[in-house]
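The structure appears below as structure tokens.
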There are 2 protein chains.
Amino acid sequence: MVKTQKRTLKTRAKLLEASENIVRSGGYENLRVEQVVAQAGVAKGTFFAHFKDKDSLMEALIGPRLHEFLDEIERRNAPASVDDLLNALRPIIQFAMSERYVFDVILRHSGAAAKAEIDPIAGAINRMGEVLAVWLANAPFRKDISPALLADGIGAFLFQALALHFCAIHNAQSIDERMRIYLNAWLLPSN
Amino acid sequence: MVKTQKRTLKTRAKLLEASENIVRSGGYENLRVEQVVAQAGVAKGTFFAHFKDKDSLMEALIGPRLHEFLDEIERRNAPASVDDLLNALRPIIQFAMSERYVFDVILRHSGAAAKAEIDPIAGAINRMGEVLAVWLANAPFRKDISPALLADGIGAFLFQALALHFCAIHNAQSIDERMRIYLNAWLLPSN
DNA sequence: TCAATAAATTGACCATGGTCACTTTCTTAA
DNA sequence: TTAAGAAAGTGACCATGGTCAATTTATTGA
């Protein structure tokens, strides 16, 4: 067993930097592995020695973004209302909405949440559950179910609203309005 | 403008039949376009004259299956309980669970539900909303929100439960048990 | 300092979905 | 019946993600 060479870290950094540049100019959707390795000045094989596949690079790019949003949420006080909650979630919603491809990547990984090898996106979604659960314990919402279950539901409705956002007809209704309806029904049932 | 030639229908039928054979023996995941055209005895270009892309073939294969399940649900009486509802949904759940790839395809199209050009999967998901809505109007569940919204939520939790199914850790809990918890909380809040 | 070994890198090559200019087959109107 | 035009079909070719045997570079123990 030999320690990781600093060369490795350098190469990985080059790959990530090139990727970020490409995303900055053309979005996630238009990133090509060939372009990344060209800009990073390494061979294609090197890319796949650092990332299992292209999706794995996406994890490394998108995961940290999601974690930043969660950091921000964690700093807030418990939400006092559905609108308050919605405001807190808005950065995540905006980001996931920014490109269909981004939403697809997040979706693809959401199922992997909590699998053995934690990838950054799955980890973020998992963490969202935890952050929200802690947070909801002190919120003025229904108390007949656990905060963890409340959080699960919020996640489910978030994906639902985003999925419906990316379609023509349903688009008439804004994602914001849709989320408000979902969350009111989920968090404040008046049965 | 000239009417569709019967040759066209024949070719499409050959492509679908070959596809179904391949799926039968190796599952959806292992279907290759090259194999389909080889078995159907047509050129590759012909495939893409009939189907926009591979995903579009998947729509044509998976969509009808979903519609069959919905036909069956439609024939049932309104559910008398969450378990009853769950029993009705089970064939869909089983099918969506059968292969990760199948779930991915459905997921990918769910966002397209109700878009202008109705594809069979999106159409099915849309129809699921309608079928459930009609159905839920006569069910003994909460009445503070519309049947359509109830149905939306069921869809959201269905995807959530399926997504979590495809991961190692959460797998301990069966999708059935998970759905029961979700549906109880959604349909019968006791706040 | 020098093998020996392990880690990192390379790039030719492959797999597979998708395109398109060209050919073949069909339909229609006179 | 036939010529013109439209629809259907063809297969060589491309784009892009991914593999792997061979090579280079680093580390380690003597």
Side-chain angles (χ1 to χ4, degrees), chain A residues 1-19 22-23 25-62 99-102 104-105 108-109 117 119 121, chain B residues 1-19 22-23 25-62 99-102 104-105 108-109 117 119 121:
Chain A
M1 177 55 179
V2 180
K3 72 172 179 183
T4 310
Q5 302 176 6
K6 57 177 178 288
R7 179 172 54 149
T8 308
L9 299 176
K10 223 170 180 173
T11 303
R12 189 187 157 95
K14 276 192 293 183
L15 287 169
L16 283 174
E17 201 193 318
S19 300
I22 293 168
V23 167
S25 62
Y28 291 88
E29 183 180 13
N30 296 307
L31 179 145
R32 296 286 170 276
V33 172
E34 306 251 18
Q35 204 184 346
V36 172
V37 297
Q39 201 163 316
V42 301
K44 205 176 191 179
T46 301
F47 178 94
F48 290 99
H50 285 259
F51 299 98
K52 182 181 170 299
D53 49 26
K54 186 181 171 180
D55 230 50
S56 171
L57 168 67
M58 288 302 165
E59 284 170 20
L61 295 174
I62 291 174
E99 283 178 54
R100 167 83 214 212
Y101 178 69
V102 170
D104 280 347
V105 171
R108 206 175 310 133
H109 287 260
E117 336 79 62
D119 79 64
I121 293 178
Chain B
M1 178 55 182
V2 179
K3 72 171 180 183
T4 310
Q5 303 174 7
K6 56 177 179 290
R7 179 173 51 149
T8 308
L9 299 176
K10 223 171 179 172
T11 303
R12 188 186 157 94
K14 275 193 295 182
L15 286 169
L16 284 174
E17 201 194 319
S19 300
I22 292 169
V23 167
S25 62
Y28 291 88
E29 183 181 13
N30 295 305
L31 179 146
R32 295 286 171 276
V33 174
E34 306 252 17
Q35 203 185 348
V36 172
V37 296
Q39 201 164 317
V42 301
K44 204 175 188 178
T46 301
F47 178 94
F48 291 99
H50 285 260
F51 300 97
K52 182 181 168 297
D53 49 26
K54 185 182 171 182
D55 229 50
S56 173
L57 168 67
M58 288 301 164
E59 283 170 21
L61 296 174
I62 291 175
E99 281 179 55
R100 167 82 213 213
Y101 178 69
V102 170
D104 280 346
V105 172
R108 206 176 310 134
H109 286 260
E117 337 79 62
D119 80 64
I121 293 178

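Scope of the values below: all heavy atoms of this structure, side chains included, with no hydrogens, waters or symmetry mates. Note that the structure is predicted; figures quoted are calculated from it, not measured. So that the names make sense, note that chain A is the first sequence line, chain B the second, and so on, each numbered from 1.
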(message) How many whole angstroms separate atom NZ of K6(B) from atom P of dA7(D)?
(response) 17 Å

(message) Could you check whether D104(B) pairs with R100(B) (Lys NZ or Arg NE/NH1/NH2 to Asp/Glu carboxylate O, under 4.0 Å)?
(response) yes

(message) Between K54(A) and L31(A) (side chain of the first, backbone of the second, donor and acceptor by atom type, cut-off under 3.5 Å), is there such a pair?
(response) yes

(message) At less than 4.0 Å, is any side-chain N or O atom of R7(A) found next to OP1 or OP2 of dA8(C)? Yes or no.
(response) no

(request) Have a look at K54(A) and say if it touches a base, only the backbone sugar-phosphate, or nothing, with a 4.0 Å heavy-atom cut-off. (result) sugar-phosphate

(message) Expressed as a whole number of angstroms, how long is the span from L57(B):CG to dT16(C):C1'?
(response) 15 Å

(request) Report yes or no: does E99(B) contribute a side-chain atom to a donor-acceptor pair with the main-chain N or O of Y28(B) at less than 3.5 Å? (result) yes

(request) Please check the phosphate of dG9(D) (OP1 and OP2 only) for any side-chain N or O of H50(B) closer than 4.0 Å. (result) yes

(request) Could you check how far NZ of K44(B) sits from C1' of dT19(C), rounded to whole Å? (result) 10 Å

(request) Check whether any side-chain N or O of T46(A) sits under 4.0 Å from OP1 or OP2 of dT10(C), and answer yes or no. (result) yes

(message) Rounded to whole Å, please give me the gap between CD in Q35(B) and P in dA15(C).
(response) 14 Å

(message) Side chain of E34(B), heavy atoms from C-beta onward: which of dG17(C), dG18(D), dT10(D) has the nearest atom to it?
(response) dG17(C)

(message) Does dG9(D) have its OP1 or OP2 closer than 4.0 Å to a side-chain nitrogen or oxygen of T11(B)?
(response) yes

(message) Between P on dT16(D) and CD on E29(A), what's the gap in Å once rounded to a whole number?
(response) 12 Å

(message) If I take atom CG in residue D53(B) and atom P in nucleotide dG18(C), what distance separates them, rounded to the nearest angstrom?
(response) 5 Å

(request) Can you spot which of D53(B), D119(B), V105(B) makes a side chain to side chain contact (heavy atoms under 4.5 Å, CB included) with E59(B)? (result) D119(B)

(message) On DNA chain C, does the nearest nucleotide to F47(B) precede the nearest nucleotide to F47(A) from the 5' side, or the other way round? Give the residue.
(response) F47(A)

(request) May I have the distance from L31(B) (atom CG) to dG18(C) (atom P), rounded to whole angstrom? (result) 12 Å

